[in-house]
Each structure stands twice: as C-alpha cells, then as structure tokens.
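Below is one structure, written out as structure tokens; the observations come after it.
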Amino acid sequence: MKTDVIVIGAGGGGAVVAKELGELGLKVLLLEAGPWYGNRKWPHPNAEQGETGSTSPEDLDIHLFKANYNKLEANMNDLISGKLRWGPANREQPLWSRIFQQSGFAWQNSGVGGTTQHYLANSPRSFQTAINQEWPLTYRDLIPYFEKVESELPVEFAPSTAKEELFYYGAKKAGWSLLPALDVSTPGYRPQPNAILPPNAQLTNLDYSVEQLSWMEGCTLSGHCVNGCPHGPAVDKIAKRSTNVSYIPLAMKTGNVEIRPNLFTYKVISENDPKEGIRAIGVKVRNTWSGEREDLYANCIIMAAGSIESPRLWLNSALPYNNWIGRGLVNHNMDMVTGIFNRKELIHTIGKTDINPYTGHNSGARFDYPGLGSIQVNGASPGIMAAFSYALSKSGNSSSDFNGENDSFLKGRVIGKDLIELMADYTRSFNILIVTDDDVQYRNGVSVFPGIQDNHGPIPSISYTPTKQTLSKRRKLVNIATDILLHAGARKIIHADWPDRLMIHIMSTMKMGYVVDRNCESFQVKRLFITDNSVLSNGLGGANPTLTTQALASRTAERIYQKYF
Amino acid sequence: MTQASKSSWTYSAQLNFMAVVDTICPSTVYIHEAGWSIQYGGIDLDIWGYLLMEFDSLPDPLSEETSQLFDAAALHYCSKQEGLSVISQPITGFNGFFSTLSREDRLMVLALLENLQIPLENLPGQYQNNPALIRNMINSIYQLTIFGYYSEWYGYGAARTLSPESRHLCTYPISWGYTGYPGPSFGYRVYKKPALTIKLLQNHSKYEN
C-alpha cells in the first residue's frame with residue numbers, strides 16, 4: 001500500500017492521530033518500537049518475533065490480551081524486566097538506556113498503547129490560565145477537541161470507593177469546595193475525569209460472579225489500572241481506555257491504518273526540495289528482534305515517540321539546528337504523601353474498618369489549585385504502593401522514632417521494622433500524589449552525546465533541576481495534602497519527599513511556538529509533525545497531560561489533511 | 001526457604017546482596033500473649049536473588065561491581081570510624097566485607113554512598129567518578145528491595161530463575177499475607193454512584209471565558 005503518513009510511536013498521541021487520519025481516508029503506517037499484546041499475529045509477543053504488521057480488527061484477541069495482562073505487578077510493572085517496561089519486546093534483552101546527568105528515572109512503557117498501558121487514565125483538561133497565558137493557542141481553541149476526545153474515549157467522572165470518600169470528607173472538612181466542572185479556574189476537589197468506562201450496572205447483582213462481570217462491559221473496580229486493565233468482553237471494550245484498546249481498534253476499523261510493532265525508528269530522512277525547502281520524506285527503522293534495517297517513505301512524517309525519544313530522534317537525524325530541541329522539560333516535580341488510619345476513625349468517617357486502597361480506580365479523586373498544581377488520590381497493589389510511598393526520597397531515611405514523641409509525622413524513606421509496621425496497615429492507608437505546576441526552564445531537557453550510543457544511535461541524556469518557585473509550590477501542595485489527610489482522621493502521615501528527577505509526566509521538550517507551530521508542524525522541516533507530550537508549551541498548570549495531547553493530536557490530524565492532502 | 005539462584009554470582013556478591021536486603025527488609029519476631037510469630041525478611045523471600053537478577057539484566061550488568069562498591073564503601077566507612085587515613089589505592093581482597101558489618105553500619109555505608117562522601121576516583125568499574133550512577137543505584141536498591149518484597153516475587157518459587165516470560169506463580173506470595181492484599185481480582189462490589197457525571201454538567205454549565 002502507498003503510504004500517505006508515517007506515525008512514529010503508537011502511544012497516547014500517535015494512536016489518536018493515526019485513527020483520525022485513517023478516518024479522513026489517508027493511508028497511515030503506525031510504527032511502534034515495543035510489543036503488541038492481544039493481537040493474534042503476535043501470540044507470544046515477548047518470546048517470538050511474530051509477523052510484520054496488522055491492519056484488521058479481526059486480529060485483536062481478548063483471550064490473548066487477558067493472558068498477557070495478568071494483573072501481577074512485578075510481571076507487568078518491573079522497571080527492568082516487566083512486560084510494560086521501556087525496552088524491546090524480548091524481555092531477555094536489556095532495557096533501552098537513558099543517561100541521567102544527576103540520577104533519576106523516567107517511567108515509560110514501550111508497546112502498542114505506549115505509556116497509556118499503565119497510566120491511571122486520569123484525563124482532566126489543562127487549566128485555563130496555563131494555556132491562555134503561555135500557548136500560541138487559546139483554551140477556547142482546544143475545547144472542541146477536548147470534547148471530541150472525551151466523547152470518543154470516553155471520559156467520565158470516577159465513582160467513589162473508600163479512599164475517594166475519605167478524601168472528599170477530609171477536603172470538605174479542611175474548608176475546600178467541590179468543583180463540579182471540567183474547565184478549571186479556581187481551587188477545589190472533584191472526582192477524577194477518567195478514561196474508564198462507568199462501572200458495570202450489574203456489579204452489585206449477586207446473580208453474576210465477579211469473574212462473569214470481568215467479561216462484561218464496564219469497570220469492575222478491580223484496581224488494576226496501573227498494572228494493565230484486562231477487564232471487558234473484547235479488546236476494544238476493555239474498561240480502562242489505554243490507546244491499545246480505544247484509538248488503535250478504531251484506527252484499524254478505518255481499513256486505512258497498518259500498525260507495525262517491534263520497529264524502532266532511529267532516523268528521519270529529509271531532503272531539500274526546491275519549492276518547500278527542507279522536508280521530511282521518510283524514516284529509517286530497525287527490527288528489535290532481527291536487527292534488520294529498513295527505509296520507509298511517506299508524504300508526511302509524524303513524531304509521537306514521547307518527550308524523550310522525539311528530541312533524540314530529531315538530534316540523531318541531522319535535521320536543522322534549533323536551540324529549543326529537547327529544551328524546556330517539565331515533569332510536574334512529583335511527590336507522595338501517605339496517610340495511615342485507625343479502624344475506629346474509619347468506622348466514624350466512612351462506615352468501614354478498612355480503606356483497601358487496591359479497590360476502585362487507582363486514582364478516582366483530585367484537588368486542583370491553579371497556580372500551584374494538583375493533588376490526586378492514589379491506591380495500588382502493595383509492591384508499587386510500598387516502593388512509591390516508602391522507598392524513594394531525597395531526604396534520606398526517616399529518622400523519627402515511632403515510639404518517640406513525634407511519631408505522627410515522618411519524612412523520608414522508611415525501612416526495617418518501621419516499614420513492616422506501616423505495610424501491616426496497608427489496608428488502612430492511602431496515598432496522595434503531588435503534581436506541581438512546574439516552571440519551563442531552558443536548562444532542563446534532553447540532549448545526546450555522540451560517543452554514547454546503542455543500536456539506535458546516540459542515547460538520550462536527561463537533565464533537570466527544578467526552580468525555587470517549583471519547589472515552593474510543591475511544598476504548599478504537600479501541606480494541603482497533609483492537612484486534608486489530617487482532617488480525614490489520619491493518625492500518621494508519611495511524606496516521601498521524592499527525588500526531583502522521578503519522571504512520570506514528561507512534557508514540553510519540543511515546545512509549540514519554539515519547535516513546532518500552532519498546527520504542530522516543525523518550523524524548520526516541512527511535513528514533519530509532532531503529536532506527543534513534547535509539543536505542550538508547559539506543564540498545563542499541573543493537569544495530567546494525556547487528554548490535552550490527545551486533543552492536540554486530533555486537531556493536528558485535521559491540519560495535516562487540510563494542508564497536504 | 002532461600003533458594004540458591006544462579007551459580008555465576010560470586011559468593012561475596014551473594015553475601016553482600018543478602019546483607020543489603022536484610023538491612024532494608026529484615027525478618028522480625030513478634031512476641032504476643034499467645035506466643036510468638038515470625039515475619040520473614042528479604043533474605044528468606046529471595047529478594048537478594050531478585051536484586052542480583054535485576055542488576056544483571058541492565059544494559060551493562062552491575063551485580064559484581066555493585067558488590068565491590070559496597071565493600072569499598074564499607075572499608076572507607078570503617079577506616080574513618082577508626083580514624084585511619086583515607087585509602088587512596090583501589091581496594092581488592094576485601095570481598096564480602098560489607099556483609100560483616102552490623103545493620104546500623106550497613107545503613108551508614110548506604111548513606112555514605114548516597115551522599116557521595118567517599119573518594120569517587122577509586123571506585124570499581126562503572127562507578128568510578130560516576131556520582132549519578134551511584135545515586136541511581138542506591139535509589140534502585142531501596143526501590144527494588146521494597147517492590148520485590150511486597151510484590152508477587154516470592155510466589156514464583158522454582159520459576160524465579162527462568163526468563164521473565166516463563167515465570168508463573170508456583171506458590172502463595174507470602175508477603176501478601178503481611179499486608180492483607182488479596183491478590184489480583186476480577187472485581188469488587190463496592191460501587192457507589194458517582195456524585196458527578198459529565199452529562200449532568202453539560203446540562204448545567206457552559207464554558208465562560
């Protein structure tokens with residue numbers, strides 16, 4: 001098939017632009033470096049190379065999908081060898097390397113669906129002020145695309161389980177108001193707008209076993225968002241709407257999109273056209289199983305490889321110099337605060353003795369504060385919960401004595417007997433994730449050193465140091481979270497004080513207005529577009545980035561079609 | 001219940017990784033009126049084997065070099081404690097020294113490394129003059145030990161040494177019992193009607209600039 005558009009990366013943004021262009025009748029080739037779970041052409045995606053590509057929704061297989069997404073946290077989310085790691089499909093091969101200039105790590109997934117495979121599906125709109133003051137587009141420009149993506153995924157406010165109820169109780173007692181809105185301009189708490197299907201209407205009907213319910217449409221509140229949701233009657237009806245179960249099946253239904261996993265794109269091919277100037281005409285790819293290399297050509301090229309790999313790809317492709325390539329990285333400078341509760345207090349507040357943080361959406365409630373960022377309820381399986389609550393800190397090991405006077409507030413890592421005691425209270429604890437409105441700084445970003453390379457060229461080198469202002473906002477959010485937990489009745493608070501370079505929301509390394517124009521086309525290379533988190537002009541004020549990136553990808557698809565086809 | 005995992009690891013690397021895991025997740029005895037009970041620690045649940053496998057699965061395997069790094073830092077720490085002059089030569093012949101220290105001292109050694117309070121030029125292999133790697137390694141030691149301990153790792157039993165693709169649960173992951181986690185589920189009947197729906201919002205509010 002003659003290819004109109006090549007999309008690099010089948011994650012949160014690439015899958016959306018591929019589907020939209022397919023619907024407009026263009027022939028799209030969607031390239032993905034990682035594996036594809038749940039497609040018959042790759043029955044053993046981590047053990048065998050499988051076939052080259054897939055175009056038909058008939059290839060999607062729910063039984064295979066469920067066998068692969070087995071809900072066990074080490075199997076799925078181990079950073080080095082898990083199914084959802086950042087590396088090639090063959091788990092006996094090592095990860096893809098990154099250099100952190102000051103230590104750190106970036107939590108990303110390779111594979112069809114990209115990092116949305118383990119995202120919590122939180123899909124808030126960006127804060128209005130963060131767009132209107134700093135973007136080449138206005139918030140109003142984005143609204144029709146927010147609405148389109150919200151209806152297609154779809155997005156719905158999360159139902160409450162115990163941790164959300166307790167959060168609302170604490171937030172209300174702390175003096176905050178409910179914010180019944182999608183468009184945020186004032187502080188307040190609300191249910192998370194999540195890309196998760198509403199709960200199965202039969203969930204409380206005892207005529208159905210929970211196993212039967214897990215084969216029906218709708219969320220079963222099983223709490224496996226972060227480890228990969230496998231529940232639903234068909235791949236395209238899975239409850240949590242990662243792009244591998246939402247936009248990918250829709251893209252395939254157009255009959256115009258071919259998806260090829262296991263292909264790492266390591267170079268964009270360009271030429272100097274007498275009329276257009278420098279323009280992108282193709283890509284060089286390498287098969288991660290066979291090492292075989294291939295050149296592929298199309299009329300337009302779209303980078304959607306993520307905020308680390310997209311700048312790396314530009315820098316490794318000998319494209320024109322732009323001093324903002326890779327620059328301006330923001331990551332919401334996250335942190336974690338954990339509350340531990342007594343049975344007696346819980347009975348009083350939520351009428352139950354336990355919170356059971358492993359139930360419900362992994363994050364079903366949030367509090368937004370334009371100007372500071374947001375805080376979000378979190379609950380997960382115990383390995384992930386323990387690692388993110390008690391193992392990661394920039395202030396070393398917690399020194400407070402549990403039997404001493406100051407035993408209700410801890411800061412830092414917790415190990416040994418203290419850790420054992422805290423995890424014995426796992427069912428009576430929940431976390432609050434701190435998501436800071438992080439300042440864009442030129443000094444922060446992604447670069448490459450020519451001497452340090454893997455099979456795909458010089459590897460990305462990441463540097464990030466937060467501003468004083470970012471750190472001050474983070475402290476304020478930690479205080480708000482602590483206050484809410486105390487008002488909810490927590491008897492113990494543990495502030496992890498995460499290292500600054502623990503990156504989950506990675507954004508703004510190919511900024512709109514600096515690297516790409518309003519239509520996400522590169523200023524310097526015609527026919528080269530970007531549709532991942534890297535084009536966001538800032539950190540959206542502290543809103544999770546996926547929905548905004550998807551809205552932009554949807555808008556970009558229209559612009560590509562209008563301009564070049 | 002500890003399983004000797006892979007013969008290629010040196011004895012000293014095995015000792016040092018057991019020692020570091022024991023520092024973070026020790027076994028604990030609870031004494032109560034009815035008698036006593038044990039909570040198995042990271043050594044018992046083979047988390048040291050997990051760490052060694054993880055470190056050897058990196059693009060540049062690090063298990064042996066990390067073990068040597070622990071020994072070098074332990075020697076530096078003890079020299080300082082004794083008021084001896086700082087050792088200026090690359091250190092050899094002290095294999096497994098880290099594992100001979102008390103838990104408190106091992107913790108001090110980890111802190112020394114994390115705070116880079118050790119001459120970086122004499123450290124083994126990739127750690128030499130590489131503060132970012134040292135800090136990343138220390139964070140990973142804590143993170144992987146705690147993640148491994150509370151995840152299903154122990155339950156892989158005899159399948160632990162297989163490639164990740166071939167692992168399957170052979171036994172109950174003991175640490176689930178320590179937290180009350182029931183394991184993966186098909187769902188929970190804890191449904192509460194959402195207070196807010198998008199449809200409700202659309203009927204009541206419109207965007208105002």
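The model shown is predicted, which means the values in this text are computed figures rather than measured ones. Labels below follow one simple rule: chain letters A, B, ... track the order of the sequence lines, proteins then strands, and each chain is numbered from 1.
In this structure, the side chains of B:Y178 and A:M423 stay at 4.5 Å or more apart for every pair of heavy atoms. Between B:L201 and A:F157, the closest side-chain pair of non-hydrogen atoms falls below 4.5 Å. You'll find the side chain of B:Y50 reaches within 4.5 Å of the side chain of A:D78, heavy atoms only. A heavy-atom distance below 4.5 Å is found between the side chains of A:I80 and B:L144. Side chains of B:R167 and A:N75 form no contact here, defined as non-hydrogen atoms less than 4.5 Å apart. Put simply, the side chain of A:T427 does not reach to within 4.5 Å of the side chain of B:T179, judged on heavy atoms.
Neither the backbone nor the side chain of A:S185 comes within contact range of chain B, judged by heavy atoms closer than 4.5 Å. Interface remark: A:P193 contributes no atoms to any contact with chain B (heavy atom separation under 4.5 Å). For B:L110, no part sits under 4.5 Å from any heavy atom of chain A, backbone or side chain. Both the backbone and the side chain of A:L72 come within contact range of chain B, judged by heavy atoms closer than 4.5 Å. Residue B:L133: no heavy atom, backbone or side chain, is found under 4.5 Å from chain A. Contact annotation for A:L179: only backbone heavy atoms (N, CA, C, O) come within less than 4.5 Å of a heavy atom of chain B. Proximity to chain B (any heavy atom under 4.5 Å) is restricted, for A:N205, to the backbone atoms N, CA, C and O.
Rounding to the nearest 0.5 Å gives a distance of 8.0 Å between OG of B:S140 and CG of A:L79. To the nearest 0.5 angstrom, B:I198 atom CD1 is 5.0 Å from A:L182 atom CG. Remark: B:Q143 CD to A:L502 CG distance equals 7.0 Å, nearest 0.5 Å. Taken to the nearest 0.5 Å, the OG atom of B:S151 stands 10.0 Å off from the CG atom of A:N227. To the nearest 0.5 Å, atom CD1 of residue A:I415 and atom OG1 of residue B:T23 are 7.0 Å apart. Between the CG atom of A:L203 and the CZ atom of B:R189 there is a distance of 6.5 Å, given to the nearest 0.5 Å.
The neighbour count for A:K172 NZ, taken as heavy atoms of other residues, nucleotides or ligands under 6.0 Å away, does not exceed 12. Under a cut-off of 6.0 angstrom, the local environment of CE in A:M216 is crowded, with over 12 non-hydrogen atoms contributed by other residues, nucleotides or ligands.
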Stepwise ring-ring contact (aromatic ring centres under 6.0 Å, His included) check, A:Y390 with B:Y142: CA-CA 9 Å; A:Y390 306 131; B:Y142 282 105; over 10 Å; no
CA sep, side-chain torsions, deciding dist, call: A:R413, B:E114, salt bridge (charged side-chain N to carboxylate O under 4.0 Å, His left out): CA-CA 13 Å; A:R413 285 194 202 101; B:E114 183 166 33; 2.6 Å; yes
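Contact count against chain B (heavy-atom pairs under 4.5 Å) is highest for A:L419 among A:L419, A:T204, A:D454, A:L213. By number of non-hydrogen pairs under 4.5 angstrom with chain B, the leading residue of A:A424, A:P382, A:G223 is A:P382. Contact tally against chain A (heavy-atom pairs below 4.5 Å) for B:G180, B:A111, B:P59: the top residue is B:P59. Interface check for chain B: of the options A:C219, A:S381, A:P94, A:G82, the most heavy-atom pairs under 4.5 Å are formed by A:P94. Of the residues considered (A:S214, A:P357, A:P230), A:S214 shows the highest number of contacts with chain B, using heavy-atom pairs under 4.5 Å. Looking only at heavy-atom pairs under 4.5 Å with chain A, the residue among B:T28, B:I141, B:N139 that has the most is B:N139. Heavy-atom pairs under 4.5 Å with chain B peak, among A:H44, A:Q212, A:Q93, A:E165, at A:E165. Looking only at heavy-atom pairs under 4.5 Å with chain B, the residue among A:M385, A:R91, A:E92 that has the most is A:R91. Note: B:P164 leads B:P26, B:P164, B:S57 in heavy-atom pairs under 4.5 Å with chain A.
If you look at A:Y358 and B:Y188, their ring centroids are closer than 6.0 Å.
At least one donor-acceptor pair closer than 3.5 Å links the side chain of A:H224 to the backbone N or O of B:S185. Between the side chain of A:T220 and the backbone N or O of B:F186, at least one donor-acceptor pair lies under 3.5 Å. B:E152 places a side-chain N or O within donor-acceptor distance of the main-chain N or O of A:A74, the cut-off being under 3.5 Å.
With no hydrogens or angles considered, no side-chain donor-acceptor pair links B:Y181 and A:N356 at under 3.5 Å. Under 3.5 Å, the side chains of B:T197 and A:E156 contain no donor-acceptor pair of N or O atoms.
Against chain B, the residues from residues 99-107 of chain A that qualify, each with a non-hydrogen atom under 4.5 angstrom away, are A:F100, A:Q101, A:Q102, A:S103, A:G104, A:F105 in number order.
Considering all non-hydrogen atoms of both residues, A:A386 and B:I146 come closest at CB-CG2, 3.5 Å.
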